[in-house]
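Working notes, beginning with the structure itself.
Because the structure is predicted, anything quoted here is derived from the model rather than measured.
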Amino acid sequence: FEKIDEFPDVVIACCGGGSNFGGTVFPFYHEKIKHGRKTRFIAVEPEACPTLTRGEYAYDYSDTAGLAPISMMYTLGSGFIPEGIHAGGLRYHGDSPLVSLLYKQGDIEAIAVPQSRVFEAGVLFAKSEFILPAPESAHAVLGAIDEALRCKATGEAKTILFTLSGHGYFDMYAYNKYNQGKMQDSALSDDALREGLATLPKIG
């Protein structure tokens, strides 16, 4: 960005546990707090595992066995069992403490999207750029497309950065399923959310 004399107005990345999102956002967040830039940060997560948008900010285990130390995070409960969506890397029950803190403070935004729209964005990206994104990465692609369309509608000019973190060559079965019209969405139900949060550790 320095080489082209630009800086992103919006930074978008997929978010499961937070490593992809944090790795993309943190350097630009540092620039924001150091130099007062107005950059927005958007985490895109699956509707089936919406840890930031529907999770609880609480102490929880980072592992399902409950053996690891507890951390403060946005979580659906370490006992939460997500639906078998095709973005396997985004099915973690919680978010990293650092990403969670930024969301709690209102420094980042988060949206949850259905997998059918994710694959629609992935196919459009492949047709446009000749790169087939992994389902995880396609979440960020969808976020970027939606943001660009908003800019087009309002007439705003924005520099949008999104992370294309992996290819989808091992996900051809899922893309084929989408192309055949067999892709199903599975948003998190209130009952499943309650069951997951019931597994939070009891803190005195």
**Study point:** Check: Y74 main-chain N/O paired with T51 side-chain donor or acceptor under 3.5 Å
**Key:** no
Exercise for review: List for me each residue that meets ring pair (Phe, Tyr, Trp, His ring centres under 6.0 Å) alongside Y169, sequence neighbours excluded, and say none if there are none.
Suggested key: H167
**Study point:** Contacts of Y59 that satisfy ring pair (Phe, Tyr, Trp, His ring centres under 6.0 Å) - sequence neighbours left out
**Key:** none
Check your understanding: Would you say L90 and C49 make side-chain contact, with heavy atoms under 4.5 Å?
Key -> no
Check your understanding: Is D190 salt-bridged to R54, going by a charged N under 4.0 Å from an acidic O?
Key -> yes
Review point. Cut-off 3.5 Å, side chains only: do E45 and T53 have a donor facing an acceptor?
Key: yes
Review point. Does some side-chain heavy atom of D60 sit less than 4.5 Å from a side-chain heavy atom of P201?
Key: yes
Practice item. Report the distance from atom CG of L67 to atom OG of S62, rounding to the nearest 0.5 Å. Key: 9.5 Å
Exercise for review: Side-chain contact test, heavy atoms from C-beta onward, threshold under 4.5 Å: evaluate it for V44 versus F162 and give yes or no.
Suggested key: no
Review point. With no hydrogens and no angle check, is any side-chain donor or acceptor of H93 less than 3.5 Å from a backbone partner on Y61?
Key: yes
Point to revise | Qualifying ring-ring contact (aromatic ring centres under 6.0 Å, His included) pairs, either residue in residues 5-25, two or more places apart | key: F7-F28
Practice item. Would you check if I203 and I70 make a side-chain contact, meaning some heavy-atom pair closer than 4.5 Å? Key: yes
Exercise for review: Inspect the surroundings of NZ in K104 and state if more than 12 heavy atoms from other residues, nucleotides or ligands are less than 6.0 Å away.
Suggested key: no
Study note, to complete from the structure: Using a 4.5 Å side-chain heavy-atom cut-off and chaining through intermediate ILVMFWY residues, the residues clustered with F80 come out as L76, L188, L193, L197, L200
Review point. Taking atom CD of Q184 and atom NZ of K177, what is their separation to the nearest 0.5 Å?
Key: 6.5 Å
Check your understanding: Can you tell me how far the OG atom of S71 sits from the CG atom of L98, to the nearest 0.5 Å?
Key -> 10.0 Å
Practice item. Report whether I111 and V25 are members of the same hydrophobic cluster (ILVMFWY, side-chain heavy atoms less than 4.5 Å apart, transitive linking). Key: no
Study note, to complete from the structure: For G79 and T199 the tightest heavy-atom approach is N-OG1, 3.0 Å
Practice item. Measure across Y92 and D63 and return the closest heavy-atom pair with its distance rounded to 0.1 Å. Key: OH-N, 4.4 Å
Review point. Under 3.5 Å, is there a donor-acceptor pair between the D107 and Y29 side chains?
Key: yes
Review point. Is the number of heavy atoms from other residues, nucleotides or ligands under 6.0 Å of L124 CG greater than 12?
Key: yes
Exercise for review: Identify the two heavy atoms, one from A43 and one from L52, that lie closest to each other, and give their separation to 0.1 Å.
Suggested key: CB-CD1, 3.9 Å
Point to revise | Stepwise side-chain contact (heavy atoms from CB on, under 4.5 Å) test for K32 and F41 | key: CA-CA 11 Å; K32 180 176 182 175; F41 307 104; 3.6 Å; yes
Check your understanding: Given the rule that I, L, V, M, F, W and Y join up when any side-chain heavy atoms are under 4.5 Å apart, are I160 and F1 in one cluster?
Key -> no
Check your understanding: From S78 OG over to M73 CE, what is the distance, rounded to the nearest 0.5 angstrom?
Key -> 8.5 Å
Practice item. Enumerate the residue pairs fulfilling ring-ring contact (aromatic ring centres under 6.0 Å, His included) with a member in residues 175-204, sequence neighbours excluded, ordered by first and then second residue. Key: F119-Y175
Check your understanding: Heavy-atom distance under 4.5 Å between the side chains of M172 and L132, does that happen here?
Key -> yes
**Study point:** Hphob cluster co-occupancy, L164 + I12, side-chain heavy atoms under 4.5 angstrom
**Key:** yes
Check your understanding: Any side-chain heavy atom of R40 within less than 4.5 Å of one from E147?
Key -> yes
**Study point:** Pairwise side-chain contact, V118 with P46, heavy-atom cut-off 4.5 Å (strictly under)
**Key:** no
Point to revise | Nearest atoms (heavy-atom pairs only) where A112 meets P50 | key: CB-CB, 4.1 Å
Study note, to complete from the structure: Taken to the nearest 0.5 Å, the spacing of M72 CE from S100 OG works out to 9.0 Å
Check your understanding: What heavy-atom pair brings G16 and D95 nearest, and what distance separates the two atoms?
Key -> O-OD1, 2.9 Å
Exercise for review: Examine V141 and F130 and state if one hydrophobic cluster contains both, with Ile, Leu, Val, Met, Phe, Trp and Tyr joined whenever side-chain heavy atoms are less than 4.5 Å apart.
Suggested key: no
**Study point:** Carboxylate-amine/guanidinium proximity below 4.0 Å for E31 and K34
**Key:** no
Review point. Can you name the residues that form a salt bridge (Lys or Arg N to Asp or Glu O under 4.0 Å) with D9, not counting sequence neighbours?
Key: none
Practice item. Is it possible for you to say whether F125 and I42 belong to one hydrophobic cluster, with membership spreading through side-chain heavy-atom contacts below 4.5 Å? Key: yes
Review point. Considering only heavy atoms from C-beta outward, does the side chain of T24 approach that of N20 to under 4.5 Å?
Key: yes
Revision key, fill the gap. d(I85 CD1, M183 CE) to nearest 0.5 Å is 10.0 Å
Practice item. State, to 0.1 Å, how close E136 and G89 come at their nearest heavy-atom pair, and which atoms those are. Key: OE2-N, 2.8 Å
